[in-house]
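Have a look at this one before I ask anything.
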Number of protein chains: 2
Amino acid sequence: MTADIHVAETTSDPVHPDNRAEAFHGVRAARRSELAEDYVELIAELIHEQGEARPVDIAARLGVRAPTVTKALDRLAREGLITRERYRSVFLTEEGRRLALECRRRHAIVLRFLIRLGLDAETAERDAEGIEHHVSERTLALFAAYADRA
Amino acid sequence: MTADIHVAETTSDPVHPDNRAEAFHGVRAARRSELAEDYVELIAELIHEQGEARPVDIAARLGVRAPTVTKALDRLAREGLITRERYRSVFLTEEGRRLALECRRRHAIVLRFLIRLGLDAETAERDAEGIEHHVSERTLALFAAYADRA
DNA sequence: GTAGATTGTTAGCCTTAGCTAACTTTTCCT
DNA sequence: AGGAAAAGTTAGCTAAGGCTAACAATCTAC
């Protein structure tokens with residue numbers, strides 16, 4: 001990266017050739033992990049609130065059907081984020097717990113920031129849900145700083 | 001954080017039943033249209049910069065392979081956002097143009113906002129790419145206001 | 001004007017994420 | 001304890017978004 005900045009913008013060049021592609025690559029990567037993050041964060045929340053995370057509750061909160069959850073949980077287990085036994089509720093692995101915490105932190109910062117900025121709570125919640133997966137650590141720091149210094 | 005502490009912990013309620021589900025629903029909807037928006041925005045850009053939008057350039061900028069672009073363009077055409085003839089470059093429909101403009105506007109606002117907040121240009125570009133699809137009109141207005149009043 | 005390079009498409013594969021229908025297991029209630 | 005309800009799983013469908021390999025069309029340069 002940084003390489004192609006001064007690559008002769010002569011005329012009808014491919015302009016910034018992979019500069020941009022890189023950004024999209026990053027966004028696509030983020031998109032892939034979003035769902036996993038949503039699940040892990042929600043599972044942590046359910047465990048905290050109700051003592052356990054049952055697929056039926058996950059489905060209800062996410063607004064999807066049970067089989068969708070089963071499949072997603074299989075994937076999370078494969079990826080080492082959760083452990084589970086058939087017909088039982090779900091637990092986070094060490095790594096899952098770590099990820100959940102990180103997500104929760106990001107979510108909280110974005111939410112607090114949006115509210116500080118003047119957004120109503122409900123819209124802030126909805127937007128935070130979407131935004132939290134796409135803010136870099138650097139941006140997050142600025143958000144936190146803004147919210148704190150208000 | 002702080003939120004679920006005093007939220008009517010009556011007993012074993014389904015707690016906030018679809019309140020949350022709604023947010024996820026919105027996010028999933030946004031996720032579905034993201035790719036289409038990326039394409040349309042990019043196509044408009046290419047047409048503006050180079051006079052035409054060729055699949056090969058789209059692929060390069062997005063960092064994907066040619067057949068991926070062909071398929072995506074088929075979908076966009078089906079959805080009425082672009083028109084195309086085989087082996088020719090791509091044009092936006094009226095609706096496509098409208099969408100592209102809206103995306104461009106959102107992108108610009110988010111980008112300007114992030115930079116005003118103190119983010120470096122490169123990170124701002126990357127983050128804006130991800131964030132722009134998830135900000136409500138209301139948040140956008142606040143972003144714009146902040147950037148303007150600086 | 002034709003040969004080779006470039007560009008575009010098709011076919012076919014994989015994975016993810018959603019769904020319904022049908023089945024199994026667990027839980028709950030009498 | 002036994003049967004109905006609830007929860008979970010499996011099978012099998014759809015569609016999107018990636019890919020490679022192979023083929024077709026277009027463009028370019030001689």
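Residue numbers begin at 1 in each chain, while the letters A, B, ... track the order of the sequences. None of these values were measured; they are calculated from a predicted model.
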Margin query: Taking only side-chain N and O atoms of T68(B), does any of them lie within less than 4.0 angstrom of OP1 or OP2 on dC19(D)?
Written below: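 Yes, such a contact exists.
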
Check: What is the distance, rounded to the nearest whole Å, between atom CD1 of I58(B) and atom P of dG8(C)?
Finding: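 From I58(B) CD1 to dG8(C) P: 9 Å.
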
Margin query: From the set dT10(C), dG18(C), dT9(D), return the single nucleotide nearest to any side-chain atom of P67(A).
Written below: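 Of the options given, the side chain of P67(A) lies nearest dT9(D).
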
Notebook entry, point to check: If you look at every heavy atom in A124(A) and I115(A), which pair is closest and at what distance?
Noted result: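 It is CB-CG1, 3.8 Å.
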
Notebook entry, point to check: CZ of R65(A) versus P of dA21(C): gap in Å, rounded?
Noted result: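 It works out to 10 Å between those atoms.
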
Check: What's the CZ-P distance between R28(A) and dC19(D), to the nearest Å?
Finding: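 It works out to 7 Å between those atoms.
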
Note to self: Which is more 5' along DNA chain D, the nucleotide nearest G63(B) or the one nearest A53(A)? Just name the residue.
What the structure shows: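 Upstream on the strand: A53(A).
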
Checklist line | Rounded distance in Å - CG (L81(B)) to P (dA16(D)) | finding: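 Atom-to-atom, L81(B) to dA16(D), this comes out as 13 Å.
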
Margin query: Need to verify one output field. Residue with the more 5' nearest nucleotide on DNA chain C, K71(A) or A66(B)?
Written below: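 The residue closer to the strand's 5' end, by nearest nucleotide, is A66(B).
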
Check: Given that A72(B) and E85(A) both sit by DNA chain D, which one's nearest nucleotide is further toward the 5' end?
Finding: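 Mapping each residue to its closest nucleotide by heavy atoms, the 5'-most match is E85(A).
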
Margin query: What's the closest nucleotide to the side chain of L35(B) if the choices are dA17(C), dA21(D), dG17(D)?
Written below: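 Taking heavy atoms from C-beta onward, the closest nucleotide is dG17(D).
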
Next item on the list: With DNA chain C as reference, determine whether R86(A) or T70(B) sits nearer its 5' end, using the nearest nucleotide of each.
Entry: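 This one resolves to T70(B).
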
Next item on the list: May I ask you to say what R31(B) touches in the nucleic acid, namely base, sugar-phosphate or nothing, with a heavy-atom cut-off under 4.0 Å?
Entry: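 No contact at all - R31(B) keeps every heavy atom at 4.0 Å or more from the nucleic acid.
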
Notebook entry, point to check: Side chain of Y87(B): nearest nucleotide among dA25(D), dC19(D), dA16(D)?
Noted result: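 Per side-chain heavy atoms of Y87(B), the pick is dA25(D).
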
Note to self: Using side chain to side chain contact (heavy atoms under 4.5 Å, CB included), reason through R78(A) and R75(A) one step at a time and then give a plain yes or no.
What the structure shows: CA-CA 5 Å; R78(A) 237 189 299 131; R75(A) 183 160 77 91; 3.8 Å; yes

Checklist line | Interatomic distance, R32(A) CZ vs dG18(D) P [rounded to whole Å] | finding: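 Going from CZ in R32(A) over to P in dG18(D) covers 9 Å.
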
Margin query: Checking side chain to side chain contact (heavy atoms under 4.5 Å, CB included) between L62(A) and each of T68(A), L42(A), D57(A), which is the one that passes?
Written below: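 For L62(A), the side chain to side chain contact (heavy atoms under 4.5 Å, CB included) test succeeds with only one of T68(A), L42(A), D57(A), which is L42(A).
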
Notebook entry, point to check: Roughly, in whole Å, what's the span from CD in E34(A) to P in dG18(C)?
Noted result: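 The distance from CD of E34(A) to P of dG18(C) comes to 11 Å, rounded to the nearest Å.
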
Notebook entry, point to check: The side chain of R88(A) lies closest to which of these nucleotides: dT9(C), dT26(C), dG18(C)?
Noted result: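 For the R88(A) side chain, the nearest candidate turns out to be dT26(C).
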
Check: Is there a donor-acceptor pair under 3.5 Å between the side chain of R84(B) and the backbone N or O of V90(B)?
Finding: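 It does not hold such a pair.
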
Item checked: Length of the line joining E52(B):CD and dG8(C):C1', which is rounded to integer Å ->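 In whole Å, dG8(C) C1' lies 13 Å from E52(B) CD.
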
Check: If you check the V56(A) side chain, which of dG18(C), dA7(D), dG8(C) turns out closest?
Finding: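 Comparing dG18(C), dA7(D), dG8(C) against the side chain of V56(A), the answer is dA7(D).
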
Checklist line | Whether F113(A) and F113(B) hold their rings parallel, tilted or perpendicular, with breakpoints at 30° and 60° | finding: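 F113(A) vs F113(B) ring planes: tilted.
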
Check: For dA7(D), does either OP1 or OP2 sit under 4.0 Å from a side-chain N or O belonging to R54(A)?
Finding: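 Yes, R54(A) has a side-chain N/O under 4.0 Å of OP1/OP2 on dA7(D).
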
Margin query: Nearest whole Å is fine: how far is dA6(D) P from D57(A) CG?
Written below: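 So the two atoms are 14 Å apart, to the nearest Å.
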
